[in-house]
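A, B, ... follow the sequence lines: proteins, then strands. Residue 1 opens every chain. All of these numbers come straight from a predicted model, not from anything done at the bench.
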Amino acid sequence: MEKAYSPGEIETRTYQRWESSGAFAPSGEGEAYCIMLPPPNVTGTLHMGHAFQHTLMDTLTRWHRMRGYSTLWQPGTDHAGIATQMVVERQLGAEGKHRLDLGREKFLERVWKWKAESGSTITRQMRRLGTSVDWSRDKFTMDPELSRGVTEVFVRLHEEGLIYRGKRLVNWDPVLLTAVSDLEVLSEEENGSLWHIRYPLAQGAGHVVVATTRPETLLGDTAVAVNPDDQRYQPLLGKQLTLPLTGRTIPVIADGYVDAAFGSGAVKITPAHDFNDYEMGLRHNLAQINIFTPDAKLNENAPERFRGLDRFDARKQIVAELEAAGLIEKIEPHKLKVPRGDRTGAVIEPYLTDQWYVKIAPLAEPALKAVEEGRTRFVPENWSKTYYEWMRNIKDWCVSRQLWWGHRIPAWYDDAGSIYVGRDEAEVRKKHSLAPDLRLRQDDDVLDTWFSSALWPFSTLGWPDTTAPLKKFYPTSVLVTGFDIIFFWVARMMMMGLKFMGDVPFRDVYITGLIRDENGDKMSKAKGNIIDPLDVIDGISLADLLAKRTSGLMQPHLKDKIDKATRKQFPDGIAPFGTDALRFTFASLAGASRDINFEFGRVGGYRNFCNKLWNGARFVLMTVEGQGDLSGAAELSIADRWIVSRFAATLAQVDSSLKEYRFDFAATALYEFTWYEFCDWYLELTKPVLQGEATTEAQKRGTRRTLLTVLEALLRALHPLMPFITEEIWQRVIPLVAPLAAAADVRATTSRTELLMQARYPASTDYAADSQAEAEVSWMKQFILAVRQIRGEMDIAPSRKIPLLLQNAGERDRALTQKHFAYLSRLAGLEAITPLSAGDAAPESATAMLGDLTLLVPMAGLIDPKAEAERLTKRIAKNESDVGKLKGKLGNASFVKHAPPDVVAADQARLAELESQNLSLAAQLERVRRLGGT
RNA sequence: AGUCGCGUAGCUCAGUGGUAGAGCACCUCCUUGACAUGGAGGUGGUCGGUGGUUCGAUCCCACUCGCGACUACCA
């Protein structure tokens with residue numbers, strides 16, 4: 001093995017081997033375990049959020065697969081209607097063409113062509129992460145069989161009256177020229193104005209002042225509303241006003257919605273261009289005057305001189321004319337929330353159109369109940385509140401989009417305007433007994449992308465057919481996703497799953513946090529702080545990173561700032577850390593689903609961890625290889641028994657952690673076992689056995705076997721988190737383990753498999769807990785640490801072997817010292833350990849205390865008395881402080897009376913020990929001081 | 001306005017009703033035969049503030065300050 005672990009080449013080679021083996025597909029007769037990959041957009045590239053979530057899903061998948069579950073991780077991509085159409089339209093734009101020039105059919109051909117060529121970037125990138133999805137089942141939301149499911153759902157919902165077509169106000173994107181759902185509108189606070197406009201009374205003198213943020217919609221006003229209790233306006237109720245610039249007259253009406261305290265207390269009502277006004281218009285039978293064209297220019301309902309003006313230009317002109325007419329009372333600066341399309345950023349216009357809607361209440365109710373009853377569980381639990389909140393206030397879902405790329409709505413119109421819904425035209429004709437020569441035209445619109453996403457948990461498994469995978473894997477086990485799509489996706493899958501499968505789509509929903517940069521800022525192109533997970537894996541030069549971050553900026557003026565910040569943070573670019581280090585970082589930060597600030601120091605730490613594991617394995621292989629048959633009689637040392645016992649505890653911890661989705665606990669348990677117990681202590685403890693002249697062949701064999709089998713099982717235990725390095729090492733280790741499989745005391749329960757991912761996950765119960773070994777090794781560790789502390793603080797060279805004297809050694813201390821002399825002397829760098837008898841005179845020494853036992857390191861030639869005096873003073877001060885606290889506690893009668901007896905007893909024992917230690921330490925300090933002449 | 005969350009070492013984060021933890025950074029010593037991506041030792045925190053419950057609060061409760069996210073509304 002090479003001296004250092006280098007991930008690059010190993011990772012690609014290993015992944016190819018995995019994928020071609022077919023081992024990602026479900027196998028075995030075990031219980032089903034299934035995760036649906038949230039299908040990334042075909043237009044997408046892998047970002048940190050994906051990498052994070054995919055790591056967790058892969059960990060769960062590999063863990064269950066190794067535990068014998070029949071495991072499916074279902075991959076696929078989403079056609080991403082708007083996003084994809086925009087990509088291709090932009091391409092066309094660059095060629096000076098528009099989709100309308102091509103026509104629907106040619107345009108769609110173009111999109112499919114694009115998809116075939118560039119649509120799989122993200123799935124290629126996923127492979128670098130080691131994702132063990134079943135690629136043979138890869139799906140796309142517009143695959144024919146999935147599209148069939150979409151049509152089926154639409155038709156069935158329509159038959160039940162749960163899908164209807166209606167003319168009402170929708171969120172209209174005037175750039176995309178399509179309706180969008182409430183969720184696709186993002187409202188941000190922006191600076192605007194509040195215009196106070198005088199509407200003159202139609203008869204007599206006087207006027208009413210209305211306050212508005214959108215003066216241009218004045219042209220569509222059909223009333224002015226005031227609060228019915230507003231005394232100021234009582235006399236005006238029912239009176240007519242002259243609507244400026246139009247000459248129309250409109251009534252003053254009363255409605256409880258109006259807040260008398262806001263603005264002037266009078267509101268202009270534009271039913272065709274505001275959601276609240278629309279509702280009020282319905283209540284009062286007001287006319288709806290649409291004043292905009294689909295691209296938000298004024299239409300024929302506006303006075304001639306305004307027609308064709310863009311809404312923002314119209315605003316200027318209208319305000320100017322009002323001002324000229326003396327109708328503007330004042331203009332105040334005003335902050336308001338401006339609704340913008342999440343794709344285009346265009347200001348969304350409430351717009352009257354015919355659209356298809358899903359009647360949501362009957363679907364939401366069972367979905368709400370399923371979570372309330374615990375049939376689907378949110379992890380962490382508090383996200384269920386967010387879910388409830390939304391589900392209880394949910395409104396009908398506008399599912400039609402005026403786009404070309406997507407699932408075309410299965411509805412047909414005849415020339416008379418009648419609507420027929422069916423699976424296809426033939427079915428429609430048959431169902432409605434339409435004359436063969438009746439002309440039918442299919443609806444031009446497509447469905448919201450999320451409509452098909454909502455079916456993902458069963459459409460990918462073959463629905464509407466009752467397939468074997470559908471029966472086996474639905475409901476799926478867990479959905480791993482971000483809180484940002486609880487509404488978009490999770491809730492809708494719940495509704496559709498319950499409706500069409502009669503059961504929830506997943507048992508658990510694990511909600512992850514967001515990956516942010518190291519300052520806690522959201523990663524974005526404009527901030528120039530995006531980190532590409534592949535750059536963390538493979539590394540990237542500063543020049544390439546700069547190019548990546550500063551090219552194609554929407555706001556080019558940010559370039560210098562980004563350039564500077566990037567140079568500062570990555571003066572040498574990004575070093576390659578490897579996939580396993582990145583994955584382990586994600587896992588170790590995936591706790592209670594809070595946002596994660598991505599820190600490179602952490603990745604570096606786990607890169608080092610990979611190297612540690614690599615070198616630990618190197619040691620084991622060097623120790624075991626070429627040592628002949630290991631299956632003969634073997635005797636286990638205390639260290640062998642100890643490491644096995646610790647491994648059992650670690651596995652138990654990993655098991656309970658992963659069951660609760662506490663990836664951080666699992667990662668920490670394995671990290672600590674691997675580094676602190678296996679490498680730091682166990683490997684060192686094997687050296688006296690393996691290199692000692694007094695040890696027997698059986699003892700050496702016992703240790704070699706333990707080294708090998710624990711390492712092999714440790715690789716299995718780590719594999720779900722760091723699949724590449726473990727596979728690489730395991731392939732070298734397993735040939736040595738295989739011959740031992742028959743030996744009774746061998747704990748490797750691996751069946752012979754080609755790949756580590758097919759091996760069995762080690763179970764805690766396979767390994768013997770050994771309290772005696774734990775107690776003795778724990779004593780040894782304290783002993784050794786105490787000596788090392790003296791050595792460290794006194795700067796005694798590691799190569800220097802020193803003598804050690806024991807004072808006040810009890811039976812057990814003497815016995816253990818003798819029994820484990822080989823370990824103690826090696827790990828603490830001792831040449832001899834000599835217990836003193838009660839009367840023996842001790843030389844001047846540095847001291848450490850281990851309970852009642854005192855360790856003495858003779859100072860002669862080694863230790864400066866002054867330094868030792870300082871060290872002792874520090875220890876005593878620390879002890880004194882603890883003694884003070886304990887005395888205070890135990891002196892409190894209430895504490896002694898009320899606290900549990902074992903807590904009181906423990907404190908009393910601790911106090912006694914500290915006081916006795918301090919007595920010895922104080923005496924020692926006196927002697928050292930005299931020696932130092934101070 | 002409503003809902004949820006966060007405030008613990010210089011930084012990023014775990015954690016617990018009974019002696020405060022990790023990684024990174026920092027200081028000292030060490031190239032010893034797995035590993036300098038390393039080893040040994042060490043420095044560093046009145047756990048945001050105030051009050052309450054309790055024998056005991058960093059943890060539970062109330063209030064408060066600061067930060068964040070989401071939902072709704074804002075004419």
Q) Partner of B/U3 by Watson-Crick or G-U wobble geometry, both contacts under 3.5 Å, or none? A) B/A69

Q) Looking at the side chain of A/A4, which of B/C70, B/C55, B/U37 is the nearest nucleotide? A) B/U37

Q. Does the pair A/K889/A/D907 count as a salt bridge with the N-to-O cut at 4.0 Å?
A. yes

Q: Calculate, to the nearest 0.5 Å, the distance between atoms OG and NZ belonging to A/S181 and A/K395 respectively.
A: 11.5 Å

Q | Interatomic distance, A/N892 CG vs B/U54 C1' [rounded to whole Å] | A | 11 Å

(Q) Of the listed nucleotides (B/U19, B/C70, B/A36), which one gets closest to any side-chain atom of A/K522? (A) B/C70

Q. Would you say the side-chain atoms of A/R826 and A/Q691 include a donor-acceptor pair closer than 3.5 Å?
A. yes

**Q.** Cation-aromatic face contact A/R788/A/W681, 6.0 Å, 45 degrees
**A.** yes

Q | Phosphate-side-chain proximity, A/K385 and B/C4, N/O vs OP1/OP2 below 4.0 Å | A | yes

Q: Compute the centroid of each ring, for A/W675 and then for A/Y671, and state whether the two points are separated by less than 6.0 Å.
A: yes

Q.
Regarding A/D182 and A/N171, do their side chains bring together a donor and an acceptor under 3.5 Å, going by distance alone?
A. yes

**Q.** Span that lies between the P atom of B/U28 and that of B/G33, in whole angstrom
**A.** 24 Å

Q: Could you run through nucleotides 39-48 of chain B and give me one letter per nucleotide, 5' to 3': B if any protein heavy atom sits under 4.0 Å from the base, S if only the sugar-phosphate is that close, - if neither?
A: SSSS------

Q: Could you work out which one of B/G23, B/C55, B/A34 sits closest to the side chain of A/R618?
A: B/A34

Q: Measure centre to centre between the rings of A/F663 and A/Y510, then say whether the value is under 6.0 Å.
A: yes

Q) Which one, B/U19, B/A34, B/G68, comes nearest to the side chain of A/R516? A) B/G68

Q: Sticking with atom C1', work out how far B/A57 lies from B/U19, rounded to a whole angstrom.
A: 15 Å

(Q) Under 4.0 Å from OP1 or OP2 of B/U32: is there any side-chain N or O of A/K687 that close? (A) no

Q) Salt-bridged, A/E712 to A/R732, with N to O below 4.0 Å? A) no

Q: Provide the distance between the two C1' atoms, one in B/G56 and one in B/U16, to the nearest whole Å.
A: 14 Å

Q: Between B/G10 and B/U50, how far apart are the C1' atoms? Round to whole Å, please.
A: 28 Å

**Q.** Minimum-distance nucleotide to A/N382 side chain [options: B/C4, B/U71, B/U12]
**A.** B/C4

Q. Taking CG from A/D342 and P from B/U71, how many angstroms apart are they, rounded to a whole number?
A. 11 Å

**Q.** Residue met sooner reading RNA chain B from 5', once A/R826 and A/A797 are mapped to nucleotides
**A.** A/A797

Q) Under a 3.5 Å cut-off for both distances, is B/U43 Watson-Crick or wobble paired, and to whom? A) none

Q. Out of B/U28, B/G18, B/G38, which nucleotide sits closest to the side chain of A/N608?
A. B/G38

Q: Output the single nucleotide from B/G15, B/C73, B/A36 whose closest atom is nearest the side chain of A/Y257.
A: B/C73

**Q.** Rounded distance in Å between the C1' positions of B/U32 and B/A40
**A.** 12 Å

Q: Compare side-chain N and O positions of A/Y676 against OP1 and OP2 of B/G23 and report whether any pair is under 4.0 Å apart.
A: yes

Q.
Rounded to whole Å, please give me the gap between CD1 in A/I485 and P in B/U71.
A. 13 Å

Q.
Less than 4.0 angstrom from a charged side-chain N to a carboxylate O is my criterion; do A/K866 and A/E870 meet it?
A. no

Q | For atom CH2 of A/W383 and atom P of B/U71, their distance in whole Å | A | 10 Å

Q.
From the set B/C4, B/G38, B/A20, return the single nucleotide nearest to any side-chain atom of A/K885.
A. B/A20

Q. Taking the side chain of A/V903 as its heavy atoms from C-beta onward, which of B/A14, B/G18, B/C4 lies nearest to it?
A. B/G18

Q: Tell me which nucleotide among B/C73, B/C11, B/A14 gets nearest to the side chain of A/E599.
A: B/C11

